[in-house]
Amino acid sequence: MGATGAVGLTLIPNLATAGAEITATARTTEAADLLRSLGAHHTVGYDDYPTGVDVVLNLALFADDLPAAARSLRPGGRLISIVFPRRSLGNWNATT
């Protein structure tokens, strides 16, 4: 899903307004165009992480890309990661 998911589409315009330089991941040219229209300064594929990044917001279905995301950080950079489980939670709710 990358930056074209609900969280990315919400955060990119807000972060751009706040003055952040945004590099967003996109799978297709159409997705990259959309992200740039919302305020992303750069778009990259999933195998093309930049280096020297201050903050990485990683929203993933799997934790497989966490090492690449962490390597893109500058020394002292921050990795914020929300990783979703690999399997369905079925009918899970907060009381079970």
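One is the number of the first residue; the rest follow in order along the sequence.
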Approximate separation, where rounding is to 0.5 Å, of R27 CZ and T4 OG1: 8.5 Å

Spacing of L57 atom CG and T25 atom OG1 [to the nearest 0.5 Å]: 9.5 Å

V56 and I80: CA distance, side-chain angles, deciding distance, side chain to side chain contact (heavy atoms under 4.5 Å, CB included) verdict: CA-CA 6 Å; V56 171; I80 302 167; over 6 Å; no

P13 versus G8, closest heavy-atom pair with distance: CD-O, 4.4 Å

Exercise: identify the closest heavy-atom pair between A16 and G39: CB-O, 3.8 Å

Nearest-0.5 Å distance, OG1 of residue T51 to CG of residue L73: 10.5 Å

Heavy-atom pair of closest approach, residues A40 and I12: N-CG2, 3.7 Å

Rounded distance (nearest 0.5 Å) linking atom CD1 of I22 with atom CG of L15: 5.0 Å

Derivation of the side chain to side chain contact (heavy atoms under 4.5 Å, CB included) call for T10 and V7: CA-CA 5 Å; T10 302; V7 174; 5.8 Å; no

Inter-residue atom distance H42.NE2 - R36.CZ, 0.5 Å rounding: 10.5 Å

Point-to-point distance, once rounded to the nearest 0.5 Å, from OH of Y49 to OG1 of T23: 12.0 Å

Check ion pair D54-R74 (N to O, under 4.0 angstrom): yes

Minimum-distance pair of heavy atoms, taken over all atoms of L35 and A3: CD2-O, 3.5 Å

Least distance between heavy atoms, L9 atom then L38 atom: CD2-CD1, 3.4 Å

